[in-house]
Amino acid sequence: MNDTPVVGVLALQGDVREHLIALAAADAVARPVRRPEELAEVDGLVIPGGESTTISKLAALFGLLEPLRARVRAGMPVYGTCAGMIMLADKILDPRSGQETFGGIDMIVRRNAFGRQNESFEAAVDMKGVDGDPVEGVFIRAPWVESVGARVEVLAEHGGHIVAVRQDNVLATSFHPELTGDHRVHGLFVAMVRGSAAPGAL
Amino acid sequence: MSSTLSPSNQPADSAATGTARVKRGMAEQLKGGVIMDVVNAEQAKIAEDAGAVAVMALERVPADIRKDGGVARMSDPNMIEEIIEAVSIPVMAKSRIGHFVEAQVLQSLGVDYIDESEVLTPADEVNHSDKFAFTTPFVCGATNLGEALRRIAEGAAMIRSKGEAGTGNVVEAVRHLRQIKNEIAKLRGFDNNELYAAAKDLRAPYELVKEVSELGKLPVVLFSAGGVATPADAALMRQLGAEGVFVGSGIFKSGDPAKRAAAIVKATTFFDDPKIIADASRNLGEAMVGINCDTLPEAERYANRGW
């Protein structure tokens, strides 16, 4: 793969713009993805923050569920933040009826686990694979990871709960690095897309 | 970005709640989505199943407020709690302009956003609520850039163009969104000397005017509201630059709310794809009847409330 990978942002709903900016700052060619043919043209994909029920419904309606699952199974690097983390979980603890995920990480997530908007918060998070200062974690009605399978690497915790994980080429955080102007987590993901950040080598 | 954190909202584990980033960031998560007015738990579930990103809990949709007349106030806490229980998406609720005690009540109920709304009867004809005093973020309406920036200066974390709620007529929504976008575009070309005068003309803080001039957009998310009744209306507002839409009476005053709600969600996501909008517009049943805004008496124009 060449040095400037093309990374898509699933643009059905959510904070797409902020991810496009962060990816461009991390030296990727960033573009929105709403259709199966657009998905076929990217080397990696970000699932943004948003409402997981809305993203799930629109992905099913517009024929993206199966193609996306197939790309994830085939090893395409994917990164999900908040709602995106929920979409990458193999299992949701308390799904709305019929809520589907793309899967990719052997974990169970709890939606809105940190509470409603009044409980949304910012906190410093030490994240494996991100050198230097802790990242500024912005948690908005955020999920956490209840439990992970043996192949999942836990990258960060907050208050005793898992908030960042990686399994092979799939990365997920409960929080929103795209809202902070600190592009190191996107840098890590772009390195994964380039194939230079092997799993377990963090 | 500045933080509005006060020491009192700082729990022991050094997590900071109610910051500007958390409040504005919440609205960022709603972008590209549809926020729907609902009056009970059953409607809230229909909205969630249709793909709404949030619901606005209120006792009467604006079309009924128009019909019934009288003073329109904050909704019954029981009704708001039932809606919070019924869905997992965010729940917003309206307070009257300047009625900060209604806002305190809504915050205590755990709503995710407070709409300080001209659709309800204003409680104060001079002052809006001090929105920095709350952990819960606020969305406010605006008809032009100056009004939007005054609300942001008071702590609003999201803006919606006002339109004319409860009419099913998109004309005022178009007018207000175009006004805001045009005024932002004009600021883009201004040099520093001109920005001071612009701030005076806009009756808005210079710092915010300068920020808008640099960003080429508001520093918070901008949605459109007031008159969207069809999938094409929603897509129109998106193409004009709204980052998402509020739909009030347009859904539950129509013939087939579930179908219309889902259709408006589709058209909001694929706002630039006429084929998808066409498909979404098929066989939706009757749209709400609607009111022609040019026959609406001045006193019945909600957009004139707030300043």
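Sequence lines set the chain letters: A, B, ... in the order given, protein chains first and strands last, and positions in each chain run from 1. What you see is a predicted model; the values in this text were computed from it and never measured.
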Among A:Arg111, A:Arg96, A:Glu51, A:Glu119, single out the residue with the greatest number of heavy-atom pairs under 4.5 Å to chain B. A:Arg96
Could you state the interatomic distance from CG (B:Asp272) to CZ (A:Arg34), rounded to the nearest 0.5 Å? 4.0 Å
Under 4.5 Å from any heavy atom of chain B, what part of A:Asn118 do you find: side chain, backbone, both or neither? both
Between A:Gln117 (side chain) and B:Val22 (backbone), is there a donor-acceptor pair under 3.5 Å? yes
Taking every heavy atom of A:Asp15 against every heavy atom of B:Gln29, the minimum-distance pair comes out as OD2-NE2, 3.3 Å
CA sep, side-chain torsions, deciding dist, call: B:Glu243, A:Arg17, salt bridge (charged side-chain N to carboxylate O under 4.0 Å, His left out): CA-CA 10 Å; B:Glu243 296 179 281; A:Arg17 177 177 173 273; 5.6 Å; no
Contact class of B:Tyr113 relative to chain A, heavy atoms under 4.5 angstrom: neither
Interface moiety of B:Ala52 toward chain A, non-hydrogen atoms closer than 4.5 Å: backbone
Closer than 3.5 angstrom, by distance alone: can the side chain of A:Gln13 be matched with the main-chain N or O of B:Lys31 as a donor-acceptor pair? yes
Select one option (side chain, backbone, both, neither) describing which atoms of B:Ala27 are under 4.5 Å from chain A's heavy atoms. neither
How long is the straight-line distance from CZ of A:Phe62 back to OG1 of B:Thr269, given to the nearest 0.5 Å? 7.0 Å
Give a yes or no on whether B:Phe100 atom CZ has more than 12 heavy-atom contacts from other residues, nucleotides or ligands under 6.0 Å away. no
Cut-off 4.5 Å, heavy atoms of chain B, and the answer for A:Ser56 is neither
Distance (rounded to the nearest 0.5 Å) between B:Arg24 CZ and A:Leu179 CG: 12.0 Å
Can you tell me which portion of B:Val91 sits under 4.5 Å from chain A's heavy atoms? Options are side chain, backbone, both or neither. both
Kindly give the heavy-atom pair with the smallest separation between A:Arg141 and B:Ile89, and that separation in Å. NH2-C, 3.6 Å
Identify the two heavy atoms, one from B:Val53 and one from A:Thr54, that lie closest to each other, and give their separation to 0.1 Å. CG1-OG1, 3.7 Å
Using the side chain to side chain contact (heavy atoms under 4.5 Å, CB included) rule, take A:Val138 and B:Glu28 through it: C-alpha gap first, then chi angles, then the decisive distance, then the call. CA-CA 12 Å; A:Val138 180; B:Glu28 303 285 355; over 6 Å; no
Tell me, for A:Leu58 versus chain B, whether the close heavy atoms (under 4.5 Å) come from the side chain, the backbone, both or neither. side chain
Honestly, the part of A:Thr53 sitting under 4.5 Å from a heavy atom of chain B is side chain
What option among B:Ala54, B:Gly33, B:Gly25, B:Gly244 has the most heavy-atom pairs under 4.5 Å with chain A? B:Gly25
As an exercise, state the distance from CD1 of A:Ile140 to CG of B:Asp112, rounded to the nearest 0.5 Å. 11.5 Å
Name the option with the most non-hydrogen atom pairs under 4.5 Å to chain A; the candidates are B:Pro137, B:Gly32, B:Pro90, B:Ala262. B:Pro90
Find the one option among A:Arg116, A:Lys57, A:Gln99 whose heavy-atom pairs under 4.5 Å with chain B are most numerous. A:Arg116
